[in-house]
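Here is how names work: the chains are called A, B, and so on, in the same order as the sequence lines, proteins then strands, and each is numbered from 1. All heavy atoms count here, side chains included; hydrogens, waters and symmetry mates do not.
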Amino acid sequence: MKHVDTTRRRFLAVAAATVASPWLVPTAALGLGQRSAPSNRIALGVIGLGNRNRSNLETFLAQKDVQCVTVCDCFADRRRAGKEMVDRHYGNAACKPTRLHEELLERSDVDALLIGTGDRWHSVLSILAAKAGKDVYCEKPFSLTIAEGRRVVEVTRRYGTVWQCGTQRRSNESYRFVVDLVRGGRIGKLHTITAILGGWGGNGVATPEPQPDPELFDYDRWLGQAPWAPYCRVRVDLWRNHWDTSAGVIVDMGAHYFDFAQWAHDSELSGPVEYAGAGVWPEGGFTTVPLSVNVEARYADGVRLRMVNGDKGVRFDGDKGWVQLSDQGAITAEPKSILSDRFVPRVDWAFMGGHVRNFLDCIRSRRPTASHPELAQRAHTICHCANLALRLGRTIHWDPKTERFVGDDQANRMLDRAARPPWRV
Amino acid sequence: MFEHVMLRVLPAAALVFFGAADLPAAEADLVKAFDALKAYQWGQDRVVLKAIDDAVMGSHNDAAARKSLETRLAAVLSTGAPAAAKNYACRQLSLIGSGASVPALAALLPDKDLSHMARYALERIPGDETVAALRDSLTKVSGLQKVGVINSLAARRDAAAVGSFSALLSDADPQIAAAATAGLGNVGNSEAAASLSAFAPKAPKALQAAVADASLHCAERLLAAGKKAEATALYKELSKPAQPKHVRVAAMRGLLAATPKK
């Protein structure tokens, strides 16, 4: 019989006795077509009710073991629309809208949060939620700097809360299929991964305008940790085009595609060590992120990760062929024999059900999610490194173990940034 | 004062002496951009400052160029230039600033419109003088500016600020008290741990969650520093029934990490 250290054995016994009761009463066998009893439902709060997160909310509402109890947004009209959506689903008026995420976090009857606010708030809210003991499904991108993403990993680990990044391709059969092909050597030895990120555009003039009534639109809160700048509609509509509030096309699709690349390359807990590239930059105006990019990253084992614009998808090239997955889920390969002896799934990028279900199941099992914080952090790090190579206009070298740039003071200064108070990341 | 005047006069003098057409193109563009910066307002096209952007990024391997740029950017901070101009200067100084820029940046810490961007630069500038300037400013700032300075000192894990943070635990401003609490957690040394433990029993209800989190964070830091006994003491306190369940679970996880395996 294996000897178990008595100190640890005694400790584990005490721990088990102390936290014997789970957060949720274990679900009894769900009757087919039946909603779970109220005590078995995961009480959900939603922060952010723009288009994307309302779409996410639809998937959550379709789950029989979820009860959305409150919604939160800086825009009054979005709060109203969110409440109406939830109330219509349940046939009552019970959903409580709020402008203040603090109210939501203080509620002991909220088990989990669906966060889809815009990039600058994702890490702040993820950390606040973990500190309040709440599990989180958080849209990507979840960080604006490498350091803030690492803090999300640390705090969720501290509390053991369940956290799922909104990289739903992790729960998509088409992506799993391609990963298995690549890892199984069907294209031979992998040498190049090409992430085709889509397009980017939009610009404007940030002429200051009178700040709206906070009850209608709480601009100061909307800005969150981002540096203050006078309100103008352009700043709000094009928030994805400015470094203060977003990180452009590389992080928008890279959060998904680099996660996919690392999964197939079996480097999920590491990352490339060198980044170089060029971007097409707007000539002035509000937009500060590049409009198109051409970046090449290199792993320590020599595999190249290329980032270009075009029709979205990811291609894997090996010494015996290639396989490509489009964002609509179409899989092509050369030679065609790579696909000929098997059923090839086709699942569109927008399929959310599997990823949401994974999150909810992990809330009950307390197991790591399909897109847990460390995986998300590593994929997002690639995004941020690529952006820094573009902004600095030179090749930069990254150490995935120390998580610092090698020999580049300016790049290391950009690992983090001071948050606007009172917010802390 | 003299230096300030000369810094404004010299580039213009260069233009007069050499003539703009005689300056190298890059320097002529830079002079023009710094001129534009003096009056740069919100909503103005940032393309007028592009030469400065390019020069800052390009100064990576050129210490002399970096020094010259830093001096010119820091000079903007003590003029009557608009807030948008100083905001821009702070951003650039965050990339190339050194101890030489600290006084000009520190002078902005009490300014409610510019304090954050001054810290945006200061947090990224290495060196003891930066941390000392932040620490010195604690008695000169209030409200959200004080919250920000506390956060910056915490980000630098300034051990010398622990005494100040401890004194601010009972501040009447709850945001300041919360920032000081979190700051102790991030510094995470023995003195911080002792301060948190002493304060915990008398913490107001609104601050109890912050104290618990800071204590957990502090315990992690102590454990990483090899101070298992101190970490364990914190975790044991946090395992008591009075704590919310998620805090107790976190404390249990910490105790497990701290318990030696044989």
Sort [X] into side chain, backbone, both or neither according to what part of it lies under 4.5 angstrom from a heavy atom of chain B.
| X | result |
| --- | --- |
| Glu106(A) | neither |
| Ala130(A) | backbone |
| Asp244(A) | side chain |
| Ser108(A) | neither |
| Arg394(A) | side chain |

### Message
As a quick check of understanding, evaluate side chain to side chain contact (heavy atoms under 4.5 Å, CB included) for Arg253(B) and Arg158(A), giving each step before the final call.
### Response
CA-CA 8 Å; Arg253(B) 293 163 65 88; Arg158(A) 180 180 303 157; over 6 Å; no
Counting heavy-atom pairs under 4.5 Å to chain B, which of [options] comes out on top?
| options | value |
| --- | --- |
| Asp409(A), Val205(A), Leu415(A), Asp408(A) | Asp408(A) |
| Pro282(A), Ala229(A), Gly285(A) | Gly285(A) |
| Arg424(A), Met414(A), Arg417(A), Arg157(A) | Arg424(A) |
| Pro227(A), Ala411(A), Pro208(A), Ala206(A) | Pro227(A) |

### Task
Can you check whether anything in residues 83-96 of chain B gets within less than 4.5 Å of chain A, heavy-atom wise, and list it by number?
Asn87(B), Arg91(B), Leu93(B), Ser94(B), Leu95(B), Ile96(B)
### Task
Could you list which of residues 106-118 of chain B have a heavy atom closer than 4.5 Å to any heavy atom of chain A, in residue-number order?
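If one takes a 4.5 Å heavy-atom cut-off, the residues of residues 106-118 of chain B near chain A are His116(B), Met117(B).
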### Exam field: side chain Glu123(B) to backbone Asp416(A), donor-acceptor pair closer than 3.5 Å
no
### Message
Could you report the tightest heavy-atom contact between Ala418(A) and Tyr120(B), atom names first, then the distance?
### Response
CB-CA, 3.9 Å
### Message
For a quick test of reading the model, state the closest non-hydrogen atom pair linking Trp42(B) to Trp228(A) and the distance between them.
### Response
CH2-O, 3.8 Å
### When Leu144(B), Asn61(B), Val147(B), Leu216(B) are compared by non-hydrogen pairs under 4.5 Å with chain A, the top option
Leu144(B)
### Task
Look at Arg119(B), His60(B), Gln175(B) and state which one has the largest set of heavy-atom pairs under 4.5 Å with chain A.
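Highest number of pairs under 4.5 Å: His60(B).
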For [X], is it the side chain, the backbone, both or neither that has a heavy atom under 4.5 Å from a heavy atom of chain A?
| X | value |
| --- | --- |
| Ala155(B) | neither |
| Asp213(B) | both |
| Leu122(B) | neither |
| Val48(B) | neither |

### Query
What orientation do His246(B) and Tyr159(A) show, parallel under 30°, tilted 30 to 60°, or perpendicular over 60°?
tilted
### Query
For the atom pair CZ (Arg151(A)) and NE2 (His217(B)), what is the distance rounded to the nearest 0.5 Å?
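The NE2 atom of His217(B) is 9.0 Å from CZ of Arg151(A), to the nearest 0.5 Å.
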